[in-house]
**Q** 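Next up is a structure, given as C-alpha coordinates.
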Protein chains: 2
Amino acid sequence: MAQTDTVTRILDTAEVLFAERGFAETSLRNITGKAKVNLAAVNYHFGSKKSLIQAVFARYLDPFTERFHRALDDLEAHYDGQVIPLEELLETMARTVLEVPAERNSLKVFMKLLGLAYSQAQGHLRRYIQEEYGSVFTRFTELVRQATPDLPDAERFWRLHFMLGTVIFTLSGLDALRDIAEKDYGEHVTVRHLIRRLRPVVVAAMQAPLPEPVPAAAEAG
Amino acid sequence: MAQTDTVTRILDTAEVLFAERGFAETSLRNITGKAKVNLAAVNYHFGSKKSLIQAVFARYLDPFTERFHRALDDLEAHYDGQVIPLEELLETMARTVLEVPAERNSLKVFMKLLGLAYSQAQGHLRRYIQEEYGSVFTRFTELVRQATPDLPDAERFWRLHFMLGTVIFTLSGLDALRDIAEKDYGEHVTVRHLIRRLRPVVVAAMQAPLPEPVPAAAEAG
DNA sequence: CCCGGTTATAAACAGCTGTTTCAAACGTAG
DNA sequence: CTACGTTTGAAACAGCTGTTTATAACCGGG
(Lines give C-alpha, C1' and ligand atoms only; values in the text may rest on other atoms or scores of the structure.)
Protein backbone atom coordinates (compact mmCIF):
# COMPACT_ATOMS: atom_id res chain seq x y z
CA MET A 1 0.00 0.00 0.00
CA ALA A 2 1.80 3.04 -1.24
CA GLN A 3 -1.06 5.34 -0.27
CA THR A 4 -0.54 4.86 3.44
CA ASP A 5 3.02 5.99 3.13
CA THR A 6 2.19 9.23 1.34
CA VAL A 7 -0.75 9.99 3.57
CA THR A 8 1.09 9.47 6.83
CA ARG A 9 4.13 11.32 5.57
CA ILE A 10 1.91 14.30 4.80
CA LEU A 11 0.24 14.10 8.20
CA ASP A 12 3.52 13.72 10.07
CA THR A 13 5.02 16.72 8.36
CA ALA A 14 1.90 18.85 8.49
CA GLU A 15 1.33 18.46 12.21
CA VAL A 16 4.86 19.56 12.99
CA LEU A 17 4.74 22.59 10.71
CA PHE A 18 1.27 23.58 11.85
CA ALA A 19 2.37 23.37 15.47
CA GLU A 20 5.45 25.46 14.77
CA ARG A 21 3.97 28.24 12.67
CA GLY A 22 0.20 28.01 12.61
CA PHE A 23 -2.17 27.07 9.82
CA ALA A 24 -2.24 30.13 7.60
CA GLU A 25 1.53 30.51 7.84
CA THR A 26 2.14 26.97 6.61
CA SER A 27 1.69 26.47 2.88
CA LEU A 28 0.99 23.22 1.09
CA ARG A 29 4.24 23.63 -0.82
CA ASN A 30 5.95 23.89 2.51
CA ILE A 31 4.44 20.66 3.70
CA THR A 32 4.81 18.65 0.52
CA GLY A 33 8.34 19.87 -0.02
CA LYS A 34 9.50 18.78 3.42
CA ALA A 35 7.54 15.54 3.17
CA LYS A 36 9.10 14.77 -0.21
CA VAL A 37 5.68 14.33 -1.73
CA ASN A 38 4.05 15.85 -4.76
CA LEU A 39 2.11 19.06 -4.22
CA ALA A 40 -1.09 17.67 -5.68
CA ALA A 41 -1.03 14.76 -3.25
CA VAL A 42 -2.65 16.82 -0.52
CA ASN A 43 -5.66 17.74 -2.61
CA TYR A 44 -5.82 14.23 -3.99
CA HIS A 45 -5.81 12.45 -0.64
CA PHE A 46 -7.51 15.01 1.59
CA GLY A 47 -9.49 17.18 -0.79
CA SER A 48 -8.43 20.54 0.59
CA LYS A 49 -6.21 22.24 3.10
CA LYS A 50 -9.10 22.60 5.53
CA SER A 51 -9.65 18.85 5.44
CA LEU A 52 -5.95 18.27 5.98
CA ILE A 53 -6.11 20.38 9.12
CA GLN A 54 -9.08 18.43 10.39
CA ALA A 55 -7.37 15.15 9.58
CA VAL A 56 -4.36 16.19 11.62
CA PHE A 57 -6.61 16.79 14.59
CA ALA A 58 -8.61 13.63 14.07
CA ARG A 59 -5.47 11.53 14.26
CA TYR A 60 -5.03 12.70 17.86
CA LEU A 61 -8.58 13.23 18.97
CA ASP A 62 -10.07 9.97 17.74
CA PRO A 63 -7.85 7.80 19.94
CA PHE A 64 -8.16 10.33 22.74
CA THR A 65 -11.94 10.32 22.90
CA GLU A 66 -12.04 6.55 22.61
CA ARG A 67 -9.57 6.06 25.47
CA PHE A 68 -11.18 8.75 27.57
CA HIS A 69 -14.64 7.22 27.22
CA ARG A 70 -13.21 3.86 28.24
CA ALA A 71 -11.39 5.38 31.20
CA LEU A 72 -14.58 7.08 32.37
CA ASP A 73 -16.45 3.80 31.95
CA ASP A 74 -13.92 2.11 34.21
CA LEU A 75 -14.14 4.91 36.73
CA GLU A 76 -17.93 4.81 36.86
CA ALA A 77 -17.89 1.03 37.18
CA HIS A 78 -15.39 1.23 40.01
CA TYR A 79 -17.34 3.83 41.95
CA ASP A 80 -20.59 2.06 41.17
CA GLY A 81 -23.01 4.96 41.42
CA GLN A 82 -21.06 6.80 44.07
CA VAL A 83 -19.71 10.23 43.28
CA ILE A 84 -16.27 10.19 41.69
CA PRO A 85 -13.92 12.58 43.50
CA LEU A 86 -12.70 15.58 41.55
CA GLU A 87 -9.06 14.56 41.90
CA GLU A 88 -9.82 11.21 40.29
CA LEU A 89 -11.53 12.87 37.35
CA LEU A 90 -8.70 15.28 36.75
CA GLU A 91 -6.14 12.54 37.19
CA THR A 92 -7.90 10.37 34.64
CA MET A 93 -8.05 13.14 32.11
CA ALA A 94 -4.39 13.96 32.57
CA ARG A 95 -3.41 10.31 32.24
CA THR A 96 -5.39 9.95 29.03
CA VAL A 97 -3.89 13.09 27.51
CA LEU A 98 -0.45 11.73 28.30
CA GLU A 99 -1.13 8.28 26.91
CA VAL A 100 -2.45 9.17 23.51
CA PRO A 101 0.52 10.62 21.67
CA ALA A 102 3.00 8.50 23.57
CA GLU A 103 3.81 6.22 20.68
CA ARG A 104 4.73 9.07 18.39
CA ASN A 105 6.47 10.98 21.18
CA SER A 106 4.65 14.09 20.12
CA LEU A 107 2.80 15.23 23.20
CA LYS A 108 4.20 18.68 22.66
CA VAL A 109 2.77 18.80 19.15
CA PHE A 110 -0.61 17.67 20.41
CA MET A 111 -0.65 20.44 22.98
CA LYS A 112 0.35 23.09 20.51
CA LEU A 113 -2.36 21.99 18.15
CA LEU A 114 -4.94 22.27 20.91
CA GLY A 115 -3.75 25.77 21.63
CA LEU A 116 -4.01 26.70 17.99
CA ALA A 117 -7.48 25.25 17.73
CA TYR A 118 -8.63 27.76 20.29
CA SER A 119 -6.62 30.80 19.39
CA GLN A 120 -6.50 30.80 15.61
CA ALA A 121 -9.98 31.81 14.75
CA GLN A 122 -10.35 29.18 11.97
CA GLY A 123 -14.09 28.95 12.44
CA HIS A 124 -14.33 25.65 10.64
CA LEU A 125 -11.94 23.97 13.05
CA ARG A 126 -13.79 25.04 16.16
CA ARG A 127 -17.04 23.84 14.70
CA TYR A 128 -15.50 20.57 13.60
CA ILE A 129 -14.02 19.81 17.01
CA GLN A 130 -17.18 20.81 18.81
CA GLU A 131 -19.39 18.64 16.63
CA GLU A 132 -17.03 15.71 16.48
CA TYR A 133 -15.74 15.58 20.03
CA GLY A 134 -18.13 17.68 22.09
CA SER A 135 -19.92 14.71 23.61
CA VAL A 136 -16.96 13.42 25.59
CA PHE A 137 -16.44 16.85 27.07
CA THR A 138 -20.11 17.03 28.02
CA ARG A 139 -19.83 13.70 29.76
CA PHE A 140 -16.77 14.86 31.67
CA THR A 141 -18.36 18.10 32.82
CA GLU A 142 -21.42 16.25 34.08
CA LEU A 143 -19.16 14.09 36.25
CA VAL A 144 -17.39 17.19 37.48
CA ARG A 145 -20.78 18.62 38.36
CA GLN A 146 -21.51 15.66 40.61
CA ALA A 147 -18.07 15.97 42.18
CA THR A 148 -18.54 19.63 43.05
CA PRO A 149 -22.16 19.90 44.16
CA ASP A 150 -21.63 23.12 46.11
CA LEU A 151 -20.50 25.07 43.07
CA PRO A 152 -23.20 27.00 41.22
CA ASP A 153 -23.50 25.74 37.65
CA ALA A 154 -22.34 28.96 36.05
CA GLU A 155 -19.39 29.21 38.40
CA ARG A 156 -18.29 25.67 37.59
CA PHE A 157 -18.67 26.34 33.87
CA TRP A 158 -16.33 29.29 34.04
CA ARG A 159 -13.83 27.63 36.32
CA LEU A 160 -13.54 24.66 34.03
CA HIS A 161 -12.73 27.02 31.21
CA PHE A 162 -10.29 28.90 33.40
CA MET A 163 -8.44 25.65 33.99
CA LEU A 164 -8.66 24.66 30.36
CA GLY A 165 -6.94 27.94 29.62
CA THR A 166 -4.28 27.28 32.20
CA VAL A 167 -3.42 23.90 30.80
CA ILE A 168 -3.58 24.63 27.10
CA PHE A 169 -1.85 27.97 27.38
CA THR A 170 1.00 26.59 29.44
CA LEU A 171 1.57 23.38 27.60
CA SER A 172 1.22 24.88 24.14
CA GLY A 173 3.65 27.68 24.92
CA LEU A 174 6.00 25.31 26.71
CA ASP A 175 9.06 25.74 24.53
CA ALA A 176 9.46 29.46 25.09
CA LEU A 177 8.89 29.15 28.83
CA ARG A 178 11.08 26.11 29.18
CA ASP A 179 14.14 28.02 28.04
CA ILE A 180 13.57 30.74 30.63
CA ALA A 181 12.92 28.24 33.40
CA GLU A 182 16.01 26.25 32.52
CA LYS A 183 18.21 29.34 32.41
CA ASP A 184 16.85 30.95 35.59
CA TYR A 185 16.14 27.94 37.76
CA GLY A 186 18.32 25.23 36.28
CA GLU A 187 15.31 23.04 35.76
CA HIS A 188 14.82 20.93 32.69
CA VAL A 189 11.06 20.81 32.46
CA THR A 190 9.05 18.16 30.66
CA VAL A 191 5.33 18.08 30.03
CA ARG A 192 5.06 15.47 32.75
CA HIS A 193 6.71 17.75 35.28
CA LEU A 194 4.28 20.47 34.40
CA ILE A 195 1.28 18.24 34.82
CA ARG A 196 2.52 17.32 38.28
CA ARG A 197 2.77 21.04 39.00
CA LEU A 198 -0.65 21.73 37.53
CA ARG A 199 -2.56 19.24 39.64
CA PRO A 200 -2.65 21.03 43.01
CA VAL A 201 -3.19 24.34 41.27
CA VAL A 202 -6.19 23.12 39.33
CA VAL A 203 -7.74 21.45 42.37
CA ALA A 204 -7.26 24.57 44.47
CA ALA A 205 -8.74 26.73 41.74
CA MET A 206 -11.85 24.57 41.42
CA GLN A 207 -12.33 24.66 45.19
CA ALA A 208 -11.63 28.35 45.66
CA PRO A 209 -14.19 30.37 47.64
CA LEU A 210 -16.98 31.95 45.65
CA PRO A 211 -16.50 35.53 44.53
CA GLU A 212 -18.20 38.24 46.54
CA PRO A 213 -21.55 39.10 45.04
CA VAL A 214 -21.67 42.42 43.21
CA PRO A 215 -23.01 45.24 45.34
CA ALA A 216 -26.31 46.11 43.68
CA ALA A 217 -25.38 49.78 43.46
CA ALA A 218 -22.20 49.10 41.48
CA GLU A 219 -23.82 47.24 38.62
CA ALA A 220 -23.93 50.03 36.09
CA GLY A 221 -20.98 51.34 34.07
CA MET B 1 -3.33 67.44 10.22
CA ALA B 2 -4.65 64.95 7.71
CA GLN B 3 -2.05 62.36 8.68
CA THR B 4 -3.56 61.75 12.08
CA ASP B 5 -6.87 60.88 10.53
CA THR B 6 -5.48 58.31 8.12
CA VAL B 7 -3.15 56.78 10.70
CA THR B 8 -5.78 56.34 13.39
CA ARG B 9 -8.30 55.09 10.88
CA ILE B 10 -5.82 52.41 9.85
CA LEU B 11 -5.06 51.50 13.45
CA ASP B 12 -8.72 51.40 14.46
CA THR B 13 -9.61 49.12 11.60
CA ALA B 14 -6.52 46.95 11.85
CA GLU B 15 -6.92 46.16 15.54
CA VAL B 16 -10.48 45.00 15.03
CA LEU B 17 -9.66 42.81 12.05
CA PHE B 18 -6.53 41.38 13.67
CA ALA B 19 -8.51 40.52 16.77
CA GLU B 20 -11.23 38.86 14.72
CA ARG B 21 -9.14 36.81 12.32
CA GLY B 22 -5.48 36.92 13.28
CA PHE B 23 -2.55 38.58 11.59
CA ALA B 24 -1.79 36.34 8.65
CA GLU B 25 -5.45 36.05 7.81
CA THR B 26 -5.90 39.81 7.60
CA SER B 27 -4.54 41.40 4.45
CA LEU B 28 -3.57 45.00 3.96
CA ARG B 29 -6.19 45.32 1.25
CA ASN B 30 -8.69 44.11 3.79
CA ILE B 31 -7.68 46.78 6.25
CA THR B 32 -7.33 49.67 3.82
CA GLY B 33 -10.54 48.78 2.09
CA LYS B 34 -12.60 48.82 5.27
CA ALA B 35 -10.79 51.90 6.53
CA LYS B 36 -11.48 53.72 3.25
CA VAL B 37 -7.80 54.48 2.86
CA ASN B 38 -5.39 53.89 0.03
CA LEU B 39 -3.50 50.61 0.07
CA ALA B 40 -0.10 52.28 -0.04
CA ALA B 41 -0.91 54.31 3.06
CA VAL B 42 0.05 51.46 5.36
CA ASN B 43 3.54 51.13 3.95
CA TYR B 44 3.87 54.90 3.80
CA HIS B 45 2.92 55.57 7.41
CA PHE B 46 4.13 52.39 9.09
CA GLY B 47 6.76 50.99 6.75
CA SER B 48 5.54 47.40 6.69
CA LYS B 49 2.83 45.10 7.91
CA LYS B 50 5.03 43.92 10.77
CA SER B 51 5.41 47.49 11.98
CA LEU B 52 1.68 48.01 11.71
CA ILE B 53 1.12 45.03 13.99
CA GLN B 54 3.61 46.40 16.50
CA ALA B 55 2.00 49.84 16.32
CA VAL B 56 -1.38 48.31 17.10
CA PHE B 57 0.09 46.76 20.23
CA ALA B 58 2.00 49.88 21.21
CA ARG B 59 -1.18 51.92 21.23
CA TYR B 60 -2.45 49.71 24.07
CA LEU B 61 0.76 48.73 25.81
CA ASP B 62 2.36 52.15 26.06
CA PRO B 63 -0.44 53.62 28.19
CA PHE B 64 -0.72 50.33 30.06
CA THR B 65 2.90 50.17 31.16
CA GLU B 66 2.90 53.83 32.08
CA ARG B 67 -0.20 53.51 34.24
CA PHE B 68 0.95 50.23 35.74
CA HIS B 69 4.31 51.67 36.76
CA ARG B 70 2.55 54.61 38.36
CA ALA B 71 0.12 52.31 40.16
CA LEU B 72 2.99 50.22 41.51
CA ASP B 73 4.74 53.40 42.60
CA ASP B 74 1.66 54.41 44.58
CA LEU B 75 1.38 50.94 46.08
CA GLU B 76 5.01 50.88 47.16
CA ALA B 77 4.73 54.36 48.60
CA HIS B 78 1.62 53.42 50.53
CA TYR B 79 3.13 50.25 51.99
CA ASP B 80 6.41 52.08 52.63
CA GLY B 81 8.80 49.13 52.57
CA GLN B 82 6.33 46.63 53.94
CA VAL B 83 5.38 43.66 51.82
CA ILE B 84 2.44 44.33 49.53
CA PRO B 85 -0.17 41.58 49.84
CA LEU B 86 -0.75 39.36 46.84
CA GLU B 87 -4.39 40.37 46.58
CA GLU B 88 -3.41 44.02 46.31
CA LEU B 89 -0.96 43.27 43.52
CA LEU B 90 -3.46 41.27 41.52
CA GLU B 91 -6.15 43.84 42.14
CA THR B 92 -3.90 46.62 40.92
CA MET B 93 -3.00 44.76 37.78
CA ALA B 94 -6.64 43.98 37.04
CA ARG B 95 -7.65 47.58 37.60
CA THR B 96 -4.96 48.85 35.27
CA VAL B 97 -5.89 46.40 32.54
CA LEU B 98 -9.48 47.56 32.82
CA GLU B 99 -8.65 51.25 32.78
CA VAL B 100 -6.48 51.41 29.70
CA PRO B 101 -8.84 50.68 26.85
CA ALA B 102 -11.80 52.20 28.66
CA GLU B 103 -11.96 55.30 26.52
CA ARG B 104 -12.13 53.33 23.30
CA ASN B 105 -14.47 50.73 24.78
CA SER B 106 -12.30 48.02 23.33
CA LEU B 107 -11.22 45.91 26.26
CA LYS B 108 -12.31 42.86 24.34
CA VAL B 109 -10.03 43.76 21.45
CA PHE B 110 -7.13 44.33 23.81
CA MET B 111 -7.60 40.89 25.34
CA LYS B 112 -7.84 39.18 21.99
CA LEU B 113 -4.67 40.86 20.85
CA LEU B 114 -2.85 39.66 23.94
CA GLY B 115 -4.03 36.16 23.22
CA LEU B 116 -2.82 36.38 19.67
CA ALA B 117 0.53 37.72 20.76
CA TYR B 118 1.13 34.50 22.62
CA SER B 119 -0.46 31.95 20.36
CA GLN B 120 0.40 33.13 16.87
CA ALA B 121 4.05 32.30 16.70
CA GLN B 122 4.96 35.63 15.00
CA GLY B 123 8.44 35.59 16.47
CA HIS B 124 8.96 39.26 15.86
CA LEU B 125 5.95 40.21 17.98
CA ARG B 126 7.01 38.19 20.98
CA ARG B 127 10.48 39.65 20.82
CA TYR B 128 9.11 43.16 20.40
CA ILE B 129 6.79 42.88 23.38
CA GLN B 130 9.46 41.26 25.52
CA GLU B 131 12.04 43.93 24.74
CA GLU B 132 9.66 46.85 24.90
CA TYR B 133 7.52 45.93 27.87
CA GLY B 134 9.41 43.19 29.72
CA SER B 135 10.65 45.49 32.46
CA VAL B 136 7.24 46.21 33.93
CA PHE B 137 6.52 42.51 34.11
CA THR B 138 9.84 41.91 35.83
CA ARG B 139 9.00 44.55 38.40
CA PHE B 140 5.62 42.96 39.01
CA THR B 141 7.00 39.45 39.46
CA GLU B 142 9.57 40.72 41.96
CA LEU B 143 6.76 42.18 44.07
CA VAL B 144 4.88 38.91 43.80
CA ARG B 145 8.01 37.15 45.00
CA GLN B 146 8.02 39.25 48.15
CA ALA B 147 4.32 38.60 48.65
CA THR B 148 4.72 34.82 48.42
CA PRO B 149 7.97 34.09 50.27
CA ASP B 150 7.10 30.46 50.95
CA LEU B 151 6.83 29.58 47.27
CA PRO B 152 9.99 28.21 45.64
CA ASP B 153 11.10 30.48 42.82
CA ALA B 154 10.52 27.96 40.08
CA GLU B 155 7.10 27.10 41.44
CA ARG B 156 6.10 30.74 41.50
CA PHE B 157 7.39 31.26 37.99
CA TRP B 158 5.21 28.50 36.66
CA ARG B 159 2.15 29.45 38.65
CA LEU B 160 2.32 33.00 37.38
CA HIS B 161 2.30 31.66 33.86
CA PHE B 162 -0.52 29.30 34.70
CA MET B 163 -2.56 32.28 35.79
CA LEU B 164 -1.50 34.33 32.81
CA GLY B 165 -2.87 31.51 30.69
CA THR B 166 -6.11 31.44 32.62
CA VAL B 167 -6.72 35.13 32.17
CA ILE B 168 -5.63 35.56 28.57
CA PHE B 169 -7.25 32.37 27.38
CA THR B 170 -10.56 33.15 29.00
CA LEU B 171 -10.79 36.82 28.16
CA SER B 172 -9.54 36.44 24.62
CA GLY B 173 -11.98 33.65 23.86
CA LEU B 174 -14.78 35.41 25.66
CA ASP B 175 -17.20 35.80 22.78
CA ALA B 176 -17.60 32.11 22.05
CA LEU B 177 -17.96 31.22 25.73
CA ARG B 178 -20.28 34.10 26.45
CA ASP B 179 -22.90 32.75 24.08
CA ILE B 180 -22.87 29.34 25.74
CA ALA B 181 -23.02 30.83 29.22
CA GLU B 182 -25.87 33.11 28.27
CA LYS B 183 -27.85 30.31 26.69
CA ASP B 184 -27.26 27.74 29.44
CA TYR B 185 -27.22 29.91 32.55
CA GLY B 186 -29.07 33.02 31.47
CA GLU B 187 -26.13 35.15 32.43
CA HIS B 188 -24.98 38.07 30.39
CA VAL B 189 -21.28 38.11 31.13
CA THR B 190 -19.01 41.10 30.77
CA VAL B 191 -15.26 41.22 31.14
CA ARG B 192 -15.76 42.86 34.50
CA HIS B 193 -17.89 39.98 35.70
CA LEU B 194 -15.21 37.56 34.65
CA ILE B 195 -12.49 39.45 36.46
CA ARG B 196 -14.57 39.28 39.62
CA ARG B 197 -14.83 35.54 39.07
CA LEU B 198 -11.16 35.22 38.35
CA ARG B 199 -9.91 36.85 41.51
CA PRO B 200 -10.57 34.11 44.09
CA VAL B 201 -9.49 31.47 41.59
CA VAL B 202 -6.15 33.13 40.93
CA VAL B 203 -5.48 33.73 44.60
CA ALA B 204 -6.32 30.13 45.48
CA ALA B 205 -4.14 28.86 42.66
CA MET B 206 -1.15 30.88 43.78
CA GLN B 207 -1.58 29.64 47.34
CA ALA B 208 -2.23 26.01 46.47
CA PRO B 209 -0.16 23.37 48.31
CA LEU B 210 3.09 22.38 46.67
CA PRO B 211 3.03 19.32 44.42
CA GLU B 212 4.26 16.05 45.86
CA PRO B 213 7.92 15.54 45.02
CA VAL B 214 8.62 12.96 42.33
CA PRO B 215 9.46 9.53 43.72
CA ALA B 216 13.09 9.04 42.78
CA ALA B 217 12.35 5.68 41.19
CA ALA B 218 9.78 7.12 38.79
CA GLU B 219 12.03 9.69 37.21
CA ALA B 220 12.89 7.83 34.03
CA GLY B 221 10.63 7.38 31.01
C1' DC C 1 0.65 83.74 -6.22
C1' DC C 2 3.64 79.95 -6.03
C1' DC C 3 6.83 77.07 -4.30
C1' DG C 4 8.21 72.62 -1.49
C1' DG C 5 7.53 69.22 1.43
C1' DT C 6 3.91 66.13 2.98
C1' DT C 7 0.27 63.02 1.93
C1' DA C 8 -2.93 60.55 -1.28
C1' DT C 9 -3.73 57.87 -5.35
C1' DA C 10 -3.67 54.33 -9.00
C1' DA C 11 -0.99 51.11 -11.21
C1' DA C 12 2.25 47.73 -11.50
C1' DC C 13 5.62 44.53 -9.45
C1' DA C 14 7.33 39.83 -8.33
C1' DG C 15 6.17 36.17 -5.54
C1' DC C 16 3.38 33.05 -3.27
C1' DT C 17 -1.24 30.88 -2.37
C1' DG C 18 -4.68 26.66 -2.93
C1' DT C 19 -6.50 24.14 -6.55
C1' DT C 20 -6.99 21.83 -11.14
C1' DT C 21 -5.57 19.49 -15.18
C1' DC C 22 -3.92 15.79 -17.77
C1' DA C 23 -0.51 12.60 -18.84
C1' DA C 24 2.57 9.16 -16.95
C1' DA C 25 3.60 5.38 -13.78
C1' DC C 26 2.04 2.02 -10.83
C1' DG C 27 0.05 -2.31 -8.92
C1' DT C 28 -3.07 -5.78 -9.14
C1' DA C 29 -7.01 -8.87 -10.87
C1' DG C 30 -8.45 -11.40 -14.81
C1' DC D 1 0.45 -10.13 -20.71
C1' DT D 2 -3.28 -7.16 -20.68
C1' DA D 3 -6.61 -4.05 -18.92
C1' DC D 4 -8.13 -1.02 -15.29
C1' DG D 5 -8.57 1.64 -11.22
C1' DT D 6 -5.40 3.98 -8.15
C1' DT D 7 -1.72 6.90 -7.27
C1' DT D 8 1.99 10.07 -8.72
C1' DG D 9 4.03 13.78 -11.50
C1' DA D 10 4.94 18.33 -13.69
C1' DA D 11 2.77 22.18 -15.21
C1' DA D 12 -0.45 25.64 -15.36
C1' DC D 13 -4.38 28.18 -13.35
C1' DA D 14 -6.50 32.37 -11.38
C1' DG D 15 -6.26 34.93 -7.41
C1' DC D 16 -4.30 37.10 -3.65
C1' DT D 17 -0.17 38.73 -0.98
C1' DG D 18 3.11 42.77 0.67
C1' DT D 19 5.70 46.24 -1.37
C1' DT D 20 7.27 49.84 -4.75
C1' DT D 21 6.83 53.32 -8.16
C1' DA D 22 5.56 57.50 -10.27
C1' DT D 23 2.07 60.90 -10.54
C1' DA D 24 -1.17 63.81 -8.65
C1' DA D 25 -3.34 66.48 -4.98
C1' DC D 26 -2.91 69.02 -1.03
C1' DC D 27 -1.57 72.90 2.03
C1' DG D 28 0.98 76.23 4.78
C1' DG D 29 5.00 79.82 4.41
C1' DG D 30 7.56 83.19 1.69
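FYI, side chains are in, hydrogens and waters are out, and symmetry mates aren't considered; it's all heavy atoms of this structure.
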**Q** Examine dA8(C): is either OP1 or OP2 under 4.0 Å from a nitrogen or oxygen in the side chain of Thr6(B)? Give yes or no.
**A**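 Checking Thr6(B) against dA8(C): at least one side-chain N or O falls below 4.0 Å of OP1 or OP2.
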**Q** For Glu25(A) and dC16(D), give me the distance from atom CD to atom P, rounded to whole Å.
**A**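 After rounding, the reported distance stands at 19 Å.
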**Q** Inspect the contact between Glu155(A) and Arg159(A) and indicate whether a charged nitrogen and a carboxylate oxygen are less than 4.0 angstrom apart.
**A**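 Glu155(A) and Arg159(A): salt-bridged.
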**Q** Please list residues of residues 32-41 of chain A whose heavy atoms come under 4.0 Å from any atom in DNA chain D, ordered by number; otherwise none.
**A**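 The stretch gives Asn38(A), Ala40(A) as the residues lying under 4.0 Å from the strand, ordered by number.
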**Q** Expressed in angstrom and rounded to an integer, what is the separation of His124(A) atom NE2 from dG18(C) atom P?
**A**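 In whole Å, dG18(C) P lies 12 Å from His124(A) NE2.
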**Q** Aromatic rings Phe140(A) and Phe68(A): how do their planes relate, parallel, tilted or perpendicular, breaks at 30° and 60°?
**A**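 Rings of Phe140(A) and Phe68(A): tilted, 30 to 60°.
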**Q** Taking the six-membered ring for Trp, is the centroid-to-centroid distance between Phe169(A) and Phe169(B) below 6.0 Å?
**A**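 Distance test on ring centres: not under 6.0 Å, no.
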**Q** Output yes when at least one side-chain N/O atom of Ser27(A) is less than 4.0 Å from OP1 or OP2 of dT17(C), else no.
**A**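 So the side chain of Ser27(A) is within the cut-off, an N or O lying under 4.0 Å from OP1 or OP2 of dT17(C).
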**Q** Need one value for Ser51(B): base, sugar-phosphate or nothing, where a base atom within 4.0 Å counts as base even if backbone is also close, heavy atoms only.
**A**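 Nothing, no nucleic acid heavy atom in range.
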**Q** What is the distance from CD1 of Ile53(B) to C1' of dG18(D), rounded to the nearest Å?
**A**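 Interatomic distance, CD1 of Ile53(B) to C1' of dG18(D): 12 Å.
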**Q** Which residue, Lys108(A), Lys112(A), Arg59(A), forms the salt bridge (Lys or Arg N to Asp or Glu O under 4.0 Å) with Glu15(A)?
**A**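 In the set Lys108(A), Lys112(A), Arg59(A), the residue that makes a salt bridge (Lys or Arg N to Asp or Glu O under 4.0 Å) with Glu15(A) is Arg59(A).
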**Q** Mind calculating the distance between CG (Leu28(B)) and P (dT9(C)) to the nearest angstrom?
**A**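 To the nearest whole Å, that distance equals 16 Å.
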**Q** Rounded to the nearest angstrom, tell me the gap between atom NZ in Lys49(B) and atom P in dT17(D).
**A**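 So the two atoms are 8 Å apart, to the nearest Å.
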**Q** Would you say His45(B) reaches dA8(C)'s phosphate, i.e. side-chain N/O to OP1/OP2 under 4.0 Å?
**A**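 So the side-chain polar atoms of His45(B) do come within 4.0 Å of the phosphate oxygens OP1 or OP2 of dA8(C), strictly under.
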**Q** Between atom OH in Tyr44(A) and atom C1' in dA23(C), what is the gap in whole Å?
**A**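 Taking OH of Tyr44(A) and C1' of dA23(C), I get 15 Å after rounding.
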**Q** Using whole Å, what does the distance between atom P of nucleotide dT19(C) and atom CD1 of Ile31(A) come to?
**A**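 Whole-Å distance recorded here is 11 Å.
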**Q** Calculate the interatomic distance between Asn43(A) atom CG and dT8(D) atom P; express it in whole Å.
**A**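 So the CG-P distance, Asn43(A) to dT8(D), works out to 14 Å.
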**Q** Could you check whether any side-chain N or O of His193(B) sits under 3.5 Å from a backbone N or O of Thr190(B), counting only pairs where one atom can act as donor and the other as acceptor?
**A**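 Confirmed, His193(B) side chain pairs with Thr190(B) backbone.
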**Q** Verify the ring-centre separation between Phe57(B) and Tyr133(B): is it less than 6.0 angstrom?
**A**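 Centroid separation for Tyr133(B) and Phe57(B): 6.0 Å or greater.
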**Q** Given Arg139(B) and Glu142(B), is the salt bridge (charged side-chain N to carboxylate O under 4.0 Å, His left out) satisfied, shown in steps?
**A** CA-CA 5 Å; Arg139(B) 181 180 179 189; Glu142(B) 170 57 23; over 6 Å; no
